[in-house]
Amino acid sequence: MTLDICGAPLSLKTPAALEAWNKMVRAFLAHQAATPQHLGAVLTSEPDFVMGHAARGLFSLMMGRSELWQVAEDARTAAHAARAGGPITAREQGWLTALDRWLADSPTGAVAALEEVLATCPSDTLSAKASHAIRFILGDAHGMRASIERVLSAHGSDHPLRGYVMGCHAFTLEETGDYAAAEKAGRAGLVYAPDDAWGLHAVAHVHDMRAEPDAGIALIETHKSAWDQSNNFRYHVWWHKALLHLDRGEFDIALALYDTQIRVEKTDDYRDISNATSLLMRLELEGIKVGNRWEELAEFSENRVEDGCLVFADLHYMLALAGAEKGAAKQAMTARFAHDARQTGDMASRVADPGVTALAGLNAFAEGRYGDAFVKLADARPKMQTIGGSHAQRDVFERMTIDAGLRAGHFDETETILLERLALRAGNEDRFTATRFDRLSRARSIPAQ
């Protein structure tokens, strides 16, 4: 038995496999494109390594793509076959159990399995990050924070991966509203792990929530090494920069970043699609014409109508379908939501509530039925956290709800939502809040006809 870079046990037998594994761990934590290559090298060297197959399966499921479900199934088959060949560590068994549970439609069960691993080995940064990532998909901000805070003491200054845990902690602090502590943790983490794109982006979130676009833009521009070598997560960092420019009213810069960075590579990764669709919608809400940019997003989204992996992804696909006026695909998505809502499992429950209602609201908004859109989107609001993503990502739906309310004349209800949005930002008024309060005031001053 040997220990990896996390100080956690695993059953790799050769120095070459261990070196490749440690490289994989670092790459995964840093959101680097080389993660699958390093994992492939491990499994080539030691094809009976159970945790390697389990990691391949879990990483595939985190991608939120229907075609990768079979990859995860194949990884599970390989892992169980390898498991029959001899003893493995409790940590490795925990990862295999996590994969089994997620494939049984219980990502919450997968989290529980990983937390059992961390209970006995809190220095296991890889398991901590995996639990963090799945909780993020589930929208469990408080669970993310509690999980990371349980392992912080095991990641002291002598732990080689301390910075990445601090980056995760920073993100959880931001998502639970402790903005000052989040900025402090995020910036300190970057000292330990200068390539931690997640930690950098956590601080960018802080500046977004505190309406500090100048500071956020400066942060991203002066820490390019933290994210420039990452995988497609770098497009998400560019997205954050575009949002910050949007808050300064620099719509031309935001649109230029869309063309030159955010969609420079035309992928159909749901995270890239969500970056793109949410930015285009924000721009349209500000009256900016985005031309035919919806079309290429809708083409990808049409192929994802039956995916059904994540409600978060589906709602962003719907934004693209609505933006490009793909009526048949919109109807197909609506029908599939109705079907999935009758199923069982963690994701089916999220389709049922808030997914079905939110999807109806997006449809109504696209069709100019703003009264219906407001009612549906407002009804979905209390559970939108559960679709996953961050406050910043889900804010596009909040903005649409507010604008639907203004357009439909639901002034009192819209004011309440604006005040709740302001409170979430600790009273920091961003450009959107200011302009919508102004629109509300002007609308109320118009005499009734």
Side-chain angles (χ1 to χ4, degrees), residues 2-10 12 18-32 34-35 38-39 51 55 59 62 89 91 94-95 111 114-136 141-176 178-206 219-220 222-231 233 237:
T2 188
L3 301 179
D4 66 5
I5 193 172
C6 304
L10 73 173
L12 286 174
L18 178 61
E19 181 182 5
W21 176 258
N22 286 337
K23 287 181 179 178
M24 185 282 295
V25 172
R26 277 194 173 275
F28 179 68
L29 295 173
H31 293 257
Q32 291 179 354
T35 302
H38 292 313
L39 182 56
M51 190 171 173
F59 294 169
M62 289 176 192
T89 67
R91 179 200 193 196
W95 273 67
V111 167
L114 293 171
E115 290 298 328
E116 288 181 20
V117 171
L118 291 169
T120 58
C121 189
S123 70
D124 184 358
T125 323
L126 176 64
S127 294
K129 177 72 171 183
S131 175
H132 183 84
I134 302 171
R135 288 184 188 273
F136 176 70
H142 291 283
M144 280 195 296
R145 179 170 174 174
S147 174
I148 287 295
E149 289 181 348
R150 282 193 291 269
V151 304
L152 273 176
S153 62
H155 287 79
S157 59
D158 59 339
H159 195 295
L161 305 175
R162 172 178 170 79
Y164 301 106
V165 170
M166 293 177 73
C168 288
H169 190 217
F171 183 73
T172 69
L173 289 166
E174 180 277 322
E175 288 294 295
T176 53
D178 197 342
Y179 301 127
E183 180 179 7
K184 181 179 179 181
R187 289 185 180 273
L190 286 168
V191 175
Y192 287 94
D195 63 348
D196 183 18
W198 188 255
L200 170 82
H201 123 282
V203 182
H205 272 268
V206 170
L219 170 85
I220 292 171
T222 57
H223 289 79
K224 195 174 182 181
S225 62
W227 53 272
D228 195 40
Q229 299 303 310
S230 64
N231 55 22
F233 190 73
V237 178

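This one's a predicted model, so the numbers in the text were calculated from it and none came from an experiment.
- Looking at every heavy atom in both residues, L190 comes nearest to A226 through CD2-CB, 4.2 Å.
- Here the shortest heavy-atom pairing between M62 and A133 reads SD-CB, 4.1 Å.
- A heavy-atom distance below 4.5 Å is not found between the side chains of Q32 and H38.
- A pairwise comparison of heavy atoms in S131 and L114 identifies N-CD1, 3.7 Å as the closest pair.
- By the 4.5 Å heavy-atom criterion applied to side chains, Y164 and K129 are not counted as neighbours.
- The minimum heavy-atom distance linking L219 with A204 is given by the pair CD2-N, 3.5 Å.
- At least one side-chain heavy atom of L161 sits less than 4.5 Å from a side-chain heavy atom of R26.
- R162 places a side-chain N or O within donor-acceptor distance of the main-chain N or O of H155, the cut-off being under 3.5 Å.
- Between P122 and S153, the closest side-chain pair of non-hydrogen atoms is not below 4.5 Å.
- Residues M166 and D196 have side chains not in contact (no heavy-atom distance under 4.5 Å, counting atoms from C-beta outward).
- The minimum heavy-atom distance between E175 and A141, with the atom names listed, is CB-CB, 4.0 Å.
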**Report entry** Worked check of side chain to side chain contact (heavy atoms under 4.5 Å, CB included) between V151 and H132
**Finding:** CA-CA 12 Å; V151 304; H132 183 84; over 6 Å; no

Query raised in the report: Going through the checks in order, is the side chain to side chain contact (heavy atoms under 4.5 Å, CB included) test met by D4 and M51?
Result: CA-CA 12 Å; D4 66 5; M51 190 171 173; 5.8 Å; no

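- The aromatic rings of F233 and H201 stand perpendicular to each other, their planes meeting at an angle above 60°, with 30° marking the opposite boundary.
- Within the 4.5 Å cutoff, the side chain of R145 has heavy atoms near those of the D178 side chain.
- The distance from the OG1 atom of T176 to the CZ atom of F171 is 10.0 Å, given to the nearest 0.5 Å.
- When all heavy atoms of A202 and E174 are compared, the closest pair comes out as O-CG, 4.2 Å.
- In this structure a side-chain-to-backbone donor-acceptor pair under 3.5 Å is present from N22 to I5.
- Atoms CG and CZ, from L118 and R91 in turn, are 9.5 Å apart once rounded to the nearest 0.5 Å.
- To the nearest 0.5 Å, atom SG of residue C168 and atom CG of residue L173 are 11.0 Å apart.
- Atom CZ in F136 sits 6.5 Å away from atom CE in M144 (nearest 0.5 Å).
- Residues L126 and W95 have side chains in contact (heavy-atom distance under 4.5 Å, counting atoms from C-beta outward).
- Between atom CG of residue D195 and atom OG of residue S230 there is a gap of 9.5 Å, rounded to the nearest 0.5 Å.
- Between N231 and T35, the closest side-chain pair of non-hydrogen atoms is not below 4.5 Å.
- At a cut-off of 3.5 Å, with distance as the only test, no side-chain donor of S123 or H159 sits close to an acceptor on the other residue.
- Here I220 contributes atom CD1 and W227 contributes atom CH2; the two are 7.0 Å apart, rounded to the nearest 0.5 Å.
- Taking the six-membered ring for Trp, W198 and H31 have ring centres closer than 6.0 Å.
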Query raised in the report: side chain to side chain contact (heavy atoms under 4.5 Å, CB included) between T172 and R135: does it pass, once the steps are laid out?
Result: CA-CA 11 Å; T172 69; R135 288 184 188 273; over 6 Å; no

Report task. Check the pair F28 / L39 against side chain to side chain contact (heavy atoms under 4.5 Å, CB included), numbers first and verdict last. Result -> CA-CA 10 Å; F28 179 68; L39 182 56; over 6 Å; no

